[in-house]
K.L.:
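Submitted below is the structure of interest, expressed as structure tokens.
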Amino acid sequence: MSVLAMHAVSRDHGAGAALVHALREVTLSVAAGEFVAVMGPSGSGKSTLLTLAGGLDTPTSGQILVEDADLGSLGAAGRSALRRRSIGYVFQDLNLIPSLTAAENVMLPRELDGARVRQARREAAHALQEVGVGELADRYPDEMSGGQQQRVAIARALVGERRLVLADEPTGALDSQTGEDVMRVLRARCDAGAACLMVTHESRHAAWADRVVFLRDGLVIDATAPRTGPEALLQEAP
Ligand code: ADP
Ligand code: MG
């Protein structure tokens, strides 16, 4: 079953001479348990693809389904509820709330969704541990390094039963060891049944994915299966 299904999705910005086709009739599905990497040059539409998939932006045309709910026919309130419940989003610029501790940042989406405080706190502690910053639960963002903040942002995206995880260059501010740790966490989450769509410019991170989708000028130009595709298996055979 597809957790995310995008059908002929386009997104234009501006008009007239300033018209930009940020995304052009992109069709893409991500199944439960599947980890898909998105690669492409700067300006090719990667972030646009993710914000549309997360219901943070509306397509000019086309249809987007998340867990069979049509984002276009949900109202703004319905989209917010779906985002809080089903979608975890790691933003390129993190978006942690500076006046909240790490644990409170991670708890917030669960509390907004009506989870009890104790339950939300327990889940937050677990999610922070999962990404290796369990001991930083009571620190504020400005008391943490960039890499630590990034891990907190990832914990916030994974907390609860998020079925769709969208990550826009989640390893941007991380050293290579921490980057690999984050890939392991995302991979494990997919193996546990989530669907994950991740923008990356590093092929060693894309190698963790089941499939890589390449964008250029808003178009999908290629898709490969570096990890589990039959070619990869044949090459690895003795
Ligand atoms: P990427 O993440 O691959 O670097 P983006 O999705 O951010 O690319 O952008 C795709 C194209 O859409 C670029 O040409 C960018 O300048 C344009 N674009 C993105 N957002 C806007 C916006 N709000 N207004 C105008 N143009 C935009
Ligand atoms: Mg981008």
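Computed from a predicted model, the values in this text were never measured in an experiment. Start at 1 and go down the list; that is how both ligands and their atoms are numbered.
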K.L.:
Is the Mg ion (ligand 2) less than 2.8 Å from at least one N/O/S atom of Ser47?
P.N.:
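Given the 2.8 Å cut-off, Ser47 counts as a ligand of the Mg ion (ligand 2).
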K.L.:
Could you list which atoms of ligand 1 come closer than 4.0 Å to a heavy atom of Pro41?
P.N.:
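Atoms satisfying the 4.0 Å criterion: 3 (O).
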K.L.:
List the closest protein heavy-atom neighbour of atom 8 (O) of ligand 1: residue, atom name, distance to the nearest 0.1 Å.
P.N.:
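Answer for atom 8 (O) of ligand 1: Gly45 N, 3.2 Å.
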K.L.:
Which protein heavy atom lies closest to atom 7 (O) of ligand 1, and at what distance to 0.1 Å?
P.N.:
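Its nearest protein heavy-atom neighbour is Ser47 CB, 3.8 Å.
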K.L.:
Is the shortest distance from a Lys or Arg side-chain nitrogen in Arg189 or Glu130 to a carboxylate oxygen in the other one below 4.0 Å?
P.N.:
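Salt bridge between Arg189 and Glu130, a charged N being under 4.0 Å from a carboxylate O: yes.
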K.L.:
Donor-acceptor pair, Arg79 side chain versus Leu71 backbone, under 3.5 Å?
P.N.:
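Indeed, once roles are kept as given, a pair shorter than 3.5 Å links the two residues.
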K.L.:
For ligand 1, does Lys46 get within less than 4.0 Å through its side chain, its backbone, both, or neither, judged by non-hydrogen atoms?
P.N.:
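For Lys46, the contact with ligand 1 is made by both the backbone and the side chain.
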K.L.:
Taking Ser29 for the side chain and Ser2 for the main chain, is one N or O donor matched with an acceptor at less than 3.5 Å?
P.N.:
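Looks like no, no N/O pair under 3.5 Å.
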K.L.:
More than 12 foreign heavy atoms under 6.0 Å from CD of Glu25: is that the case here?
P.N.:
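No - once you tally the heavy atoms of other residues, nucleotides and ligands closer than 6.0 Å, there are 12 at most.
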K.L.:
Counting only nitrogen or oxygen atoms and a 3.5 angstrom limit, does Ala22 reach ligand 1?
P.N.:
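Looking only at distances, the answer is no, because the N/O contact criterion of under 3.5 Å is not met.
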K.L.:
Using heavy atoms and a 4.0 Å limit, tell me yes or no: is Gly40 in contact with ligand 1?
P.N.:
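It does not; every heavy atom stays at 4.0 Å or beyond.
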K.L.:
Can you find a non-hydrogen atom of Ser42 under 4.0 Å from ligand 1?
P.N.:
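Contact present.
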K.L.:
Considering non-hydrogen atoms of the protein only, which is the closest contact for atom 6 (O) of ligand 1, and what is the distance?
P.N.:
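Its nearest protein heavy-atom neighbour is Thr48 OG1, 2.6 Å.
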K.L.:
Crowded around His13 NE2? As in, over 12 foreign heavy atoms under 6.0 Å?
P.N.:
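Check passes, neighbour count above 12.
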K.L.:
Any Lys/Arg nitrogen of Lys46 or Asp168 sitting under 4.0 Å from an Asp/Glu carboxylate oxygen of the other?
P.N.:
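Answer for the salt bridge query: no.
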K.L.:
So which protein heavy atom does atom 10 (C) of ligand 1 come closest to, and at what separation?
P.N.:
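The answer is Gly43 O, 3.4 Å.
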K.L.:
So do the side chains of Gln63 and Asp70 get within less than 4.5 Å of each other, counting heavy atoms only?
P.N.:
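With C-beta onward as the side chain, the pair touches.
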K.L.:
Among all protein heavy atoms in this structure, tell me which lies nearest to atom 25 (C) of ligand 1, with the distance rounded to 0.1 Å.
P.N.:
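Minimum-distance protein heavy atom for atom 25 (C) of ligand 1 reads His13 CB, 3.4 Å.
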K.L.:
Checking contacts now, so for atom 15 (C) of ligand 1, which I'm interested in, is there any protein heavy atom under 4.0 Å?
P.N.:
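Under the 4.0 Å cut-off, atom 15 (C) of ligand 1 has no protein heavy-atom neighbours at all.
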K.L.:
Within the 3.5 Å criterion, strictly below it, is a donor on Arg151 or Gln148 matched to an acceptor on the partner's side chain?
P.N.:
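No, Gln148 and Arg151 have no side-chain donor paired with an acceptor closer than 3.5 Å.
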K.L.:
Using only heavy-atom distances, determine whether the side chains of Thr171 and His205 contain a donor-acceptor pair under 3.5 Å.
P.N.:
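On atom types as modelled, these side chains qualify, holding a pair under 3.5 Å.
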K.L.:
Measure Val20 to ligand 1 on non-hydrogen atoms and call it side chain, backbone, both or neither using the 4.0 Å cut-off.
P.N.:
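Looking at Val20 and ligand 1, just side chain atoms fall under 4.0 Å.
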